Amino acid sequence: MSYFDLDRPRSLWGDAPLSDGLETARSAFAPVLSAIEEASLAAELQRTLPFEPIAELRQVRFPALRVPENYGGFGASLVELFEFIIALGAADSNVAQALRAHFGFVEHVLSMPDGDYRRRWLDRLGRGDIAGAAAAETSGAARDRFETVLSEKNGQWVINGTKFFTTGSLYADWLTVTATAPDGRTAKCAASRHDAGLKILDDWDGIGQRLTASGTAHFRDVQAQDNEHHYGNTEFPHSQGFFQLYHLATTAGIAQAAARNLSDAVARRRRSFTHAAGELPASDPQILELVGRVSSAAHAATAIVRQAARTLQFAQQSGQDADGLAIKRAELEIYQAQEVVFPLTLDAATLLFDALGGTATLRRAGLDRFWRNIRTIACHNPRVYRTRIVGDYAVNGTLPPAQWRVGASSGSGG
């Protein structure tokens with residue numbers, strides 16, 4: 001029986017309640033998630049990029065979870081979205097992270113006032129279009145401006161430059177690009193994934209999340225779509241919390257997958273040691289304790305993500321008050337969650353090896369991917385800074401800063 005079948009007697013982290021329409025969607029998603037999970041080990045070992053899994057998710061309209069029903073989506077709440085991201089992360093965290101930019105762009109569109117721009121993009125997203133992102137730059141890129149530029153050429157706005165961490169863009173129809181406009185302002189615009197001037201490289205060489213296509217994108221006179229751009233802080237009000245919570249939801253899914261793999265492996269195992277505490281690992285109390293600890297970590301991570309999702313949803317639905325206090329407090333809760341979830345799940349992914357011994361280190365077992373994938377996700381936007389921000393609020397009442405940027409300081413010389 002697959003973990004993603006609806007009857008799962010051995011899962012101890014439960015399911016969050018969903019609306020009637022989303023319960024129907026869960027039934028439609030289950031066989032697709034099951035197929036993704038069953039193929040995940042072979043995909044990891046053979047480095048098979050997830051074009052097919054993402055196409056299958058598109059077919060059941062998974063990318064349209066948050067799109068309103070009148071545009072062809074499911075109209076899912078934020079809480080419901082993150083419930084499904086946990087499930088997708090449990091199936092294959094590469095696929096979950098590859099869609100992170102897409103779901104972030106959906107939030108951006110939903111946050112826009114009613115008008116041609118919002119309706120045009122909701123039509124596209126409701127039809128199944130997928131968005132990727134091209135924002136981060138490496139090397140000597142400055143913090144206060146992007147080296148990628150948006151400029152006019154022959155009456156058309158075009159994009160030129162190079163981006164890194166373009167996670168999921170190989171699988172997308174559109175890229176949302178952050179660039180510097182001629183007047184020096186930051187601008188967000190959109191480009192077709194199939195523009196002849198766009199070249200996306202599969203050159204991501206991180207230790208984990210190896211199938212996310214988080215590599216380099218080169219823009220050479222790539223046409224900016226619709227001649228409609230957004231300037232300044234181009235993210236939606238709850239973007240800081242949303243993108244970090246998305247990482248936590250993926251991580252909770254990884255922890256569930258690690259716990260499931262461990263319990264299945266112990267149940268099948270017939271070899272044991274003469275000095276073990278049981279004839280078989282499945283009856284060895286020390287091994288069972290380790291299995292229980294890993295399962296408990298998955299349960300705790302899942303519960304924490306669900307609580308943080310409820311907080312973020314409340315803040316998003318409350319609207320942006322004068323000081324943005326509800327959203328800022330939600331961010332702080334998510335940062336607190338990161339300080340607990342990442343160490344907890346990394347430890348769980350290590351305990352897995354203590355329970356299974358030397359054969360767990362064989363490459364063909366692929367059990368190292370759980371630790372590597374959590375470790376890679378946890379490195380994004382280092383949590384040490386955000387933990388300090390939590391402490392500063394607890395002691396001094398200092399609210400989190402606005403959208404952060406990464407790059408060389410203006411006085412560092414590159």
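Computed from a predicted structure; not experimentally measured.
- Within 6.0 Å of the CG atom in D20, the count of heavy atoms belonging to other residues, nucleotides or ligands does not exceed 12.
- Contact check on D173 versus R58 returns a salt bridge, with a Lys/Arg side-chain nitrogen under 4.0 Å from an Asp/Glu carboxylate oxygen.
- Aromatic ring orientation, F29 versus F74: perpendicular (interplanar angle above 60°, classes split at 30° and 60°).
- One finds the CZ atom of F314 at 10.0 Å from the CZ atom of R329 (value rounded to the nearest 0.5 Å).
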Steps toward salt bridge (charged side-chain N to carboxylate O under 4.0 Å, His left out) verdict (R47, D202): CA-CA 11 Å; R47 203 175 184 282; D202 177 27; 2.8 Å; yes
Could you walk me through whether R372 and E44 pass salt bridge (charged side-chain N to carboxylate O under 4.0 Å, His left out), step by step? CA-CA 12 Å; R372 288 187 293 99; E44 176 78 18; 2.7 Å; yes
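- Taking the ring centroids of H102 and F105, they lie at or beyond the 6.0 Å cut-off.
- Crowding of E52 atom CD: a count of heavy atoms from other residues, nucleotides or ligands under 6.0 Å not exceeding 12.
- Annotation for T178 and A135: closest pair OG1-CB, 3.8 Å, computed over non-hydrogen atoms.
- Note: I377 CD1 to S93 OG = 5.5 Å, rounded to the nearest 0.5 Å.
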I'd like to know whether E339 forms a salt bridge (charged side-chain N to carboxylate O under 4.0 Å, His left out) with R386, so could you lay out the CA-CA distance, the side-chain angles of the two residues, the decisive distance to 0.1 Å, and finally the verdict. CA-CA 9 Å; E339 178 58 26; R386 292 191 297 277; over 6 Å; no
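- The neighbour count for H299 NE2, taken as heavy atoms of other residues, nucleotides or ligands under 6.0 Å away, does not exceed 12.
- For the pair R193 and W174, the cation-pi test (distance below 6.0 Å, angle within 45°) is failed.
- For E107, the side-chain contact (heavy atoms from CB on, under 4.5 Å) partners two or more places apart in sequence, or in a different chain, are R66, L78, L110, F236, H238, F242.
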